[in-house]
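Note on naming: letters A, B, ... go to the chains in the order of the sequence lines (proteins, then strands), and numbering restarts at 1 for each one.
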Protein chains: 2
Amino acid sequence: MTTDSPVASRSRDAEKTRQALLESARSRFAHDGYAATTVRDIATDAGVNVALINRYFGSKEGLFAACLNRTVEQMEPPAESQTTFDQMVASLVARVADQSGGVKPLELLLLIRSSGDEKADEIRRATLTRYTESMAAIAGWKRDDPATEALLLRAQIAMATGFGIVLWRASTELGPLASASAADLSGPVGDVVTALLR
Amino acid sequence: MTTDSPVASRSRDAEKTRQALLESARSRFAHDGYAATTVRDIATDAGVNVALINRYFGSKEGLFAACLNRTVEQMEPPAESQTTFDQMVASLVARVADQSGGVKPLELLLLIRSSGDEKADEIRRATLTRYTESMAAIAGWKRDDPATEALLLRAQIAMATGFGIVLWRASTELGPLASASAADLSGPVGDVVTALLR
DNA sequence: GAGTCGTGTAAACAATTGCTGACTTGTGAA
DNA sequence: TTCACAAGTCAGCAATTGTTTACACGACTC
């Protein structure tokens, strides 16, 4: 039907179904949590058979790990040396308010809600550490410098604010926060990060 | 054995096992989430038989609702007319940092993480609305007054920060936030709430 | 002490879970 | 066209889930 791509839409395309599964899984895992999500739900969303999850990802945990990896890769923190404070604030707002291009805000929840799998938890911890240390560094934090120690705590609280907002928007429809646009959020969130780190 | 109370510790005390179940359930639900918690886990924690959950609470959902109710009752917001701004900030910090006496911080997560049950979700929404409106009112918010509209959004963000911090502390051991004391938190959180609402 | 009712236990139920094996079907090369 | 292998389907498994039923215990009244 569609003759757009050199490798046009085939009815059987392993890579395409792999991506479809990843997409459905990330959405389900982020929104409902790991335990509440069933592999049959994911397969149905993706429009494919359940057995393919085990074929392509080994297990439900393997699929979750793949989801987490994709999110982690897109969470590259702003480079400490060439990022201004205002850019960092804008970047955080963008991630929370669905204007970041890559990661959807919901996926951030993969980083903060435990799945029970220890290996995945380690990946999450490393990502959170890397990101918050970058934020703190932009604000002046130096590793092992007691004088700037408090900045790391404050960067983590800024991050926690982001998670809290995303969680609020994902699990309640309570306005105005649930329906706030990026423009609505940018002022208040900017105030928070500024109060914490400047 | 113990002869402390007029109604001393009986080996069979319905009210006591009810409370034990409630305690175990609140802890499990808050920490692991609704779906990841099994009734057998709860019963084992409480040291009683699984069947008693259904006898005393009807179902797993009924037990969850009972947990939620106990938390909701203890979430009475600060009275708008006789609470200063600083008292409100201190109250929020206390809830997050386990110095509130009543509700343990973890239990706050019952208010923000959906259980899938629509009736429980409605209770959660009502509680969140009541609490954030009280906070906003202390800061000057008036219902249906467009000039103060933004304060409600900002109160919700302040609340979200609290949830984010609790979630961070519950699902990672990442310091310094995970191991911060109430004294450590009070400064930064105070800054956040002030930046949002003053 | 006998009877009774509230409390607790044990075993099993049906449904759902993640997962597996044997199978069909489509696709592209020979 | 034929054929081989990847891609997808199907039915069923073992384990776990929430729940129920039938039974045993223990304390209290008479």
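Remark on DNA chain D: of its neighbouring residues A:Arg40 and A:Val48, the 5'-side contact belongs to A:Val48, judged by nearest-heavy-atom nucleotide.
A donor-acceptor contact under 3.5 angstrom links the side-chain atoms of A:Arg12 to the base of C:dT25.
The shortest distance between the side-chain N/O atoms of A:Asn54 and the OP1/OP2 oxygens of C:dC19 is below 4.0 Å. Considering only side-chain N and O atoms, A:Thr17 lies under 4.0 angstrom from the phosphate OP1 or OP2 of D:dG8.
Atoms OH (A:Tyr34) and P (C:dT17) sit 13 Å apart, rounded to a whole Å. We find that CG of A:Leu21 is positioned 13 Å from P of C:dC19, with the value rounded to whole Å. Distance, B:Arg55 CZ to C:dA10 P: 14 Å, rounded to whole Å. In this structure, CG of B:Asp41 is placed 7 Å from P of D:dT17, rounded to the nearest angstrom. The interatomic distance linking A:Asp117 (CG) with C:dG18 (C1') rounds to 15 Å, in whole Å. If you take CG of B:Asn49 and C1' of D:dC23, they are 12 Å apart, rounded to a whole angstrom. If you measure from atom CD1 of B:Ile53 to atom P of C:dT9, you get 12 Å, rounded to the nearest angstrom.
Across all strands, B:Val50 comes closer than 4.0 Å to base atoms (heavy-atom distances). At a threshold of 4.0 angstrom between heavy atoms, the contacts of B:Phe57 with the nucleic acid are absent.
Inspection of the B:Gln156 and A:Arg169 side chains reveals no N or O donor paired with an N or O acceptor under 3.5 Å.
The 12-atom threshold is not exceeded at CZ of A:Arg143, counting heavy atoms of other residues, nucleotides or ligands nearer than 6.0 Å.
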Steps toward salt bridge (charged side-chain N to carboxylate O under 4.0 Å, His left out) verdict (B:Arg40, B:Asp45): CA-CA 8 Å; B:Arg40 284 176 172 83; B:Asp45 286 358; over 6 Å; no
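Aromatic ring pairs are classed by plane angle as parallel below 30°, tilted from 30° to 60° and perpendicular above 60°; the pair A:Trp168 and B:Phe163 is tilted.
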